[in-house]
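My questions will all concern the structure given below.
Just so it is clear, the values below take in all heavy atoms, side chains as well, and ignore hydrogens, waters and symmetry mates. All figures in this text were calculated on a predicted structure; none of them were measured in a lab.
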Amino acid sequence: MLENYSTLQFIVRGKIFKGFCMRIHDDFHETYAVVLDGYHSFCVWLDDKSAKWVASKNVAIDQDAIDEIINRISIPPQVS
């Protein structure tokens with residue numbers, strides 16, 4: 001999984017997204033706070049019961065952008 005803090009920069013449908021995400025303490029899920037320039041912050045977390053990533057209900061960005069963030073968070077670390 002992702003380290004405790006990571007910068008984000010990616011393009012989805014021609015729109016540039018910049019910001020960061022950081023792991024936050026949660027006793028129940030693997031949870032990350034996401035802060036993107038020009039958007040309200042939101043959280044994404046791995047629901048242990050369904051084994052699926054979930055985003056906050058009122059996220060005001062395209063699902064494709066959320067999927068890109070989740071993809072970056074869930075990439076396993078590469079062994080050097």
Side-chain angles (χ1 to χ4, degrees):
M1 296 299 159
L2 188 72
E3 296 189 18
N4 289 336
Y5 177 90
S6 181
T7 59
L8 293 171
Q9 183 169 345
F10 57 92
I11 300 172
V12 172
R13 295 185 190 179
K15 186 169 186 170
I16 299 172
F17 293 87
K18 294 181 183 180
F20 65 92
C21 64
M22 64 181 178
R23 191 168 186 170
I24 58 176
H25 178 71
D26 183 337
D27 291 334
F28 305 103
H29 305 288
E30 179 174 348
T31 305
Y32 295 88
V34 179
V35 179
L36 297 174
D37 294 347
Y39 295 91
H40 290 287
S41 60
F42 59 95
C43 289
V44 292
W45 62 92
L46 181 60
D47 182 359
D48 294 334
K49 291 180 183 177
S50 67
K52 292 184 180 182
W53 285 93
V54 181
S56 302
K57 288 183 181 181
N58 296 321
V59 177
I61 63 173
D62 292 333
Q63 184 62 45
D64 291 344
I66 295 171
D67 293 342
E68 179 65 25
I69 293 165
I70 290 170
N71 183 47
R72 289 169 182 257
I73 288 171
S74 61
I75 295 174
Q78 297 179 0
V79 177
S80 301

(Q) Is the shortest side-chain heavy-atom distance between Cys43 and Val34 below 4.5 Å? (A)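 A side-chain contact under 4.5 Å is absent here.
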Q | Verdict with reasoning, Gln63 to Asp67, per side chain to side chain contact (heavy atoms under 4.5 Å, CB included) | A | CA-CA 6 Å; Gln63 184 62 45; Asp67 293 342; 2.8 Å; yes
(Q) Against Ile69, only a single residue in Phe42, Trp53, Phe17 fulfils side chain to side chain contact (heavy atoms under 4.5 Å, CB included); can you say which? (A)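 Single pass found, and it is Phe42.
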(Q) Measuring from atom CG of Asp37 to atom CZ of Phe20, what distance do you get when rounded to the nearest 0.5 angstrom? (A)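 These two atoms lie 9.0 Å from each other.
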Q.
For Ser41 versus Val35, what's the shortest heavy-atom pair and its separation?
A.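 Of all heavy-atom pairs spanning Ser41 and Val35, the closest is CB-CG2, 3.9 Å.
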**Q.** CG on Leu46 to NE2 on His29, rounded to 0.5 Å
**A.**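 Answer for the NE2-CG pair, His29 versus Leu46, is 8.5 Å.
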Q) In terms of hydrophobic clusters joined by side-chain contacts under 4.5 Å, are Tyr39 and Val12 together? A)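 Yes; tracing contacts between hydrophobic side chains, which count when under 4.5 Å, links both residues.
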Q. Between CG of Asn71 and CZ of Phe10, what distance do you get to the nearest 0.5 Å?
A.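 Asn71 atom CG to Phe10 atom CZ measures 10.0 Å (nearest 0.5 Å).
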Q. Under a 4.5 Å cut-off applied to non-hydrogen side-chain atoms, are Leu8 and Lys18 in contact?
A.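 No; the side chains remain at least 4.5 Å from each other.
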Q. Any chance the side chains of Asp27 and His25 put a donor and an acceptor closer than 3.5 Å?
A.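 Side chains of Asp27 and His25: pair found under 3.5 Å.
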Q) Measuring from Ile24:CD1 to Thr31:OG1, what's the distance to the nearest 0.5 Å? A)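 Result: 5.5 Å between the selected atoms.
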**Q.** Nearest non-hydrogen partners of Ile66 and Ala55, listed with the distance
**A.**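 The pair with the smallest heavy-atom distance is CG2-CB, 3.9 Å.
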Q: Report whether Tyr32 and Val54 are members of the same hydrophobic cluster (ILVMFWY, side-chain heavy atoms less than 4.5 Å apart, transitive linking).
A: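 Each belongs to a different hydrophobic cluster.
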Q: Compare every heavy atom of Glu30 with every heavy atom of Arg23, then report the nearest pair and how far apart it is.
A: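 The answer is NH2-CG, 3.6 Å.
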Q | Transitive ILVMFWY side-chain link Trp45 to Leu36, under 4.5 Å | A |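 Different clusters: Trp45 never reaches Leu36 through Ile, Leu, Val, Met, Phe, Trp or Tyr contacts under 4.5 Å.
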Q) From Met22 CE over to Asn4 CG, what is the distance, rounded to the nearest 0.5 angstrom? A)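 One gets 10.0 Å once the value is rounded to the nearest 0.5 Å.
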Q) Which atoms form the tightest heavy-atom contact between Arg13 and Asp64, and what is the distance? A)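 Smallest heavy-atom distance, with atoms named: NH2-OD2, 2.5 Å.
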